[in-house]
J.: 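I have a structure here, written as structure tokens, and I will follow up with some questions on it.
Basis for what follows: all heavy atoms, side chains included, without hydrogens, waters or symmetry-related copies. Here is the naming used below: chain letters follow the sequence lines, and residue numbers restart at 1 for every chain.
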There are 4 protein chains.
Amino acid sequence: ASIDLNCDLGESFGAYTLGRDAEILPYVTSANIACGFHAGDPSVMQRTVKLAMEAGAAIGAHPGLPDLAGFGRRTIDVSASEVYAMTVYQIGALDAFVRAEGGTLKHVKPHGALYNMAAARANLAEAIAEAVYRVDPALTLFGLANSELTRAAERIGLRAAHEAFADRGYLADGSLVPRGLPGALIDDAETAAARVVRIALEGRVSTPDGEDAEVRADTVCLHGDNEHALAFARQIAEACQIAGVTVKPFE
Amino acid sequence: ASIDLNCDLGESFGAYTLGRDAEILPYVTSANIACGFHAGDPSVMQRTVKLAMEAGAAIGAHPGLPDLAGFGRRTIDVSASEVYAMTVYQIGALDAFVRAEGGTLKHVKPHGALYNMAAARANLAEAIAEAVYRVDPALTLFGLANSELTRAAERIGLRAAHEAFADRGYLADGSLVPRGLPGALIDDAETAAARVVRIALEGRVSTPDGEDAEVRADTVCLHGDNEHALAFARQIAEACQIAGVTVKPFE
Amino acid sequence: ASIDLNCDLGESFGAYTLGRDAEILPYVTSANIACGFHAGDPSVMQRTVKLAMEAGAAIGAHPGLPDLAGFGRRTIDVSASEVYAMTVYQIGALDAFVRAEGGTLKHVKPHGALYNMAAARANLAEAIAEAVYRVDPALTLFGLANSELTRAAERIGLRAAHEAFADRGYLADGSLVPRGLPGALIDDAETAAARVVRIALEGRVSTPDGEDAEVRADTVCLHGDNEHALAFARQIAEACQIAGVTVKPFE
Amino acid sequence: ASIDLNCDLGESFGAYTLGRDAEILPYVTSANIACGFHAGDPSVMQRTVKLAMEAGAAIGAHPGLPDLAGFGRRTIDVSASEVYAMTVYQIGALDAFVRAEGGTLKHVKPHGALYNMAAARANLAEAIAEAVYRVDPALTLFGLANSELTRAAERIGLRAAHEAFADRGYLADGSLVPRGLPGALIDDAETAAARVVRIALEGRVSTPDGEDAEVRADTVCLHGDNEHALAFARQIAEACQIAGVTVKPFE
């Protein structure tokens, strides 16, 4: 079995530093690089593309809503045509840095509120899928597993990478336990790692009720913003190796 | 003889409309489309790329300084590496819209203060030329005729389009009469058109002193922001046709 | 009877011009001036404050969501504490221009999506009312008549100006006919003017069903963005004069 | 003798944290709080005003150029009237938070490139002084000692606070040793503290050549962005106490 480990990178801006990109990169097989709307600026993007290519990660664009002050986490009532245009724009901007370094852009993963909006609303999901497809149909679109976004990707003819979360609990129907409810967050790195391994091997994970949920996961989301997150990444990578789960970019 | 007529387009933003893109496009063979830094937003860019392609114009990126409030006209003391990164970013963003519509990006022309800074400072000119070259060495770089920018383009191996101005006077050494001095501006459309024709046929134009200046012009800059500018464009296009000067994209 | 006529002004930005401020001002008794978040920039604000003071209008701050590209019309999922802070900020910025010109800020009217959000959600309404009150309890807060915003204003001890719309239809319960339904918009200037007069004199207006709705209106909203809007303003001012309705700032 | 110790604060933005405001505040008598153009956002401003008032520091506005990506450190070729308007705007925004918390704004200190531009160019210095004066003539304007800015402040009738730097060398004429030259930076906290004490007591400091320079200092600039800067602050505060130099806001 194999799994892809993806992480959001390049989220610094100007004089502001965020994330420990160099430290998390050894565990990352797919790097989602911010494109200047929710985070990142052109100089940060250039630097991060180089860093991720040197680390051997597959490079992806990580487009977000135009909301630096809210870090792209606030829902904005944008239209489908606005989402289409902002996605085309950001993919192109990131792609140019990748081409300038002699690499090839591999995937697109929406950020924050845009990710959540695209998971739930078919028209926005379709706008994103169409943007990706029209810029380059060979790109993979990352989205919440079994969401409107992965469905829209598959409908239009894109490869979709279904994403699971190592640090989130799942309900029996395969959806995430809402934040705030018991079992929503997995705090312990060892437990999280064991869950990732089981997802990779069996496509299943236990729920807070002790049942099993089916969870499709082509890729698992890592965080790289603090010591705790780095420990999670290490633990997951180690557990995968021990269990014989190959960690590599999704294809 | 032949000449290219280029014009800055897509400079609206959100609720704000600027320029008469649809009216000027019939006279334009190379469309320089704003990329969101000094003007333009993703939706405007999408619309303008479509419009320019339908009109049959060659499409170019028109990157500017990150200064919407100043419309990219205020010099900002940016470093060469910042200029490199902001140029890569903006070319990529515009290129993605062109690819999404099935077209091919043909050229890059810096805007406003970035254009003037690149004409005068070798390090910034080189940063732009390198950005263009690394994103796509088949792109043409438009710059002030015989400036640092066209020199940097030619040094790195890009095709450079030397630009002249129909509405500006020239000194005997081929430089522009500084704004504010007598003869700096050509107000009369007929005179301007005759000058463009002579530049295209002879590579020469008369100076305020009555001498002749050598002016290299692969492309001439049109404006499309008011009735007067539109009249200039019409007059120039007509005069070229009458004189047998072919108006077509620079190659 | 008397009525206040208010209008959003100062919505230009940098090189972009929007609105016919000088033409509408003769009909305006309360000027709501944009504060740089959804429209306006510091130079525009300075100019507009001067213009409105010369015209003798009462000056108000017109704070909006931080969304120039969307002109403040897109709902953003901001928290109450963010709304508080952005309102304090924008009132202060506008107030400084008024003080610099020797005037006194009189009122605050939220813009676009912020206006609508504050009309419907008590927590956001309270955040705005608290911001206004803490900056200056002598300010009047303009809001949709009988909305969460006017209620929050009155609860905290501010004077609230209940706003009605000359160009919108009303249902029997005093709420606006939703856009898209028959009777939502009043297209005819004469009809609109007659409705304003009746609102001022009787506090009543006819509904699409032919019934009467009670409409409280301390102030009526004018637009100043095109010829049609200017004609409305003229008609309303004239009709008020003929009917003996005094047009003056709300107090 | 007495001296004021000022520090730039509130330079975080959205998800981005910069500076150790809480740790430096015990040493600060005048807090210069960023106003959202080069750094800071409304929520950060609110928080920082509260924090500084609780610490008993005098509160000042710290306006900068509109350049978040460049942290206000890049010269922008803005006109005097633009500088006037952006200064009025930012003072007003910060002042509103101070008023909302029941405090009184005491001073204004321009940031970064705006500080340097105002020190050297009389027309920009006058624009800033006029902005401060027109918003509130009781405000003190902080500027580089004996610069165009302090001169403009005094000419218009404002109190000027002449600023010296604990970590910078001075030439015999009282100007700063240009960065890059020997003696430009004072790296050692003890030396820096001794220099501040001597400036406060004698108005003099030794130059790299071993001569003495006259340095007028009503206020000394502290930094609060790292461990080293905090050590400087502690050392300076201690040395002043030992030497009997009272540390208090400039009046």
Side-chain angles (χ1 to χ4, degrees), chain A residues 10 12-15 33-37 40-50 59 61 63-66 68 78-103 105 108 127-139 156, chain B residues 10 12-15 33-37 40-50 59 61 63-66 68 78-103 105 108 127-139 156:
Chain A
S12 294
F13 183 86
I33 301 180
C35 304
F37 274 42
D41 66 38
S43 299
V44 168
M45 290 164 71
Q46 182 196 3
R47 226 160 47 221
T48 310
V49 164
K50 273 189 182 174
I59 312 290
L65 293 174
L68 187 67
V78 283
S79 67
S81 69
E82 289 170 329
V83 164
Y84 170 82
M86 72 176 67
T87 304
V88 168
Y89 185 99
Q90 294 182 72
I91 297 172
L94 201 273
D95 182 42
F97 288 104
V98 179
R99 288 153 67 189
E101 298 301 327
L105 190 72
V108 175
I128 292 175
E130 192 185 343
V132 174
Y133 188 86
R134 291 181 73 129
V135 174
D136 182 356
L139 290 166
I156 206 171
Chain B
S12 294
F13 183 87
I33 301 179
C35 304
F37 274 42
D41 65 40
S43 300
V44 168
M45 289 164 72
Q46 181 196 1
R47 224 157 50 219
T48 311
V49 164
K50 273 189 182 174
I59 312 289
L65 292 175
L68 187 67
V78 283
S79 67
S81 69
E82 289 170 328
V83 164
Y84 170 82
M86 73 177 65
T87 304
V88 168
Y89 185 100
Q90 294 180 71
I91 297 172
L94 200 274
D95 182 42
F97 287 104
V98 179
R99 287 153 68 189
E101 300 299 327
L105 189 73
V108 175
I128 292 175
E130 192 186 344
V132 174
Y133 188 86
R134 291 182 73 132
V135 174
D136 183 355
L139 291 165
I156 206 171

J.: Does any backbone or side-chain atom of B/Glu101 lie under 4.5 Å from a heavy atom of chain A? Answer side chain, backbone, both or neither.
T.: both
J.: Taking B/Tyr89 for the side chain and A/Gln46 for the main chain, is one N or O donor matched with an acceptor at less than 3.5 Å?
T.: no
J.: Shortest non-hydrogen contact from B/Val88 to A/Ala96?
T.: O-CB, 3.4 Å
J.: Which atom pair, heavy atoms only, marks the closest approach of B/Ala85 to A/Ser43?
T.: CB-N, 3.7 Å
J.: So what's closer than 4.5 Å to chain A heavy atoms on B/Tyr133: side chain, backbone, both or neither?
T.: neither
J.: Given side-chain contact (heavy atoms from CB on, under 4.5 Å), test B/Arg99 with A/Ile91 step by step and report yes or no.
T.: CA-CA 12 Å; B/Arg99 287 153 68 189; A/Ile91 297 172; over 6 Å; no
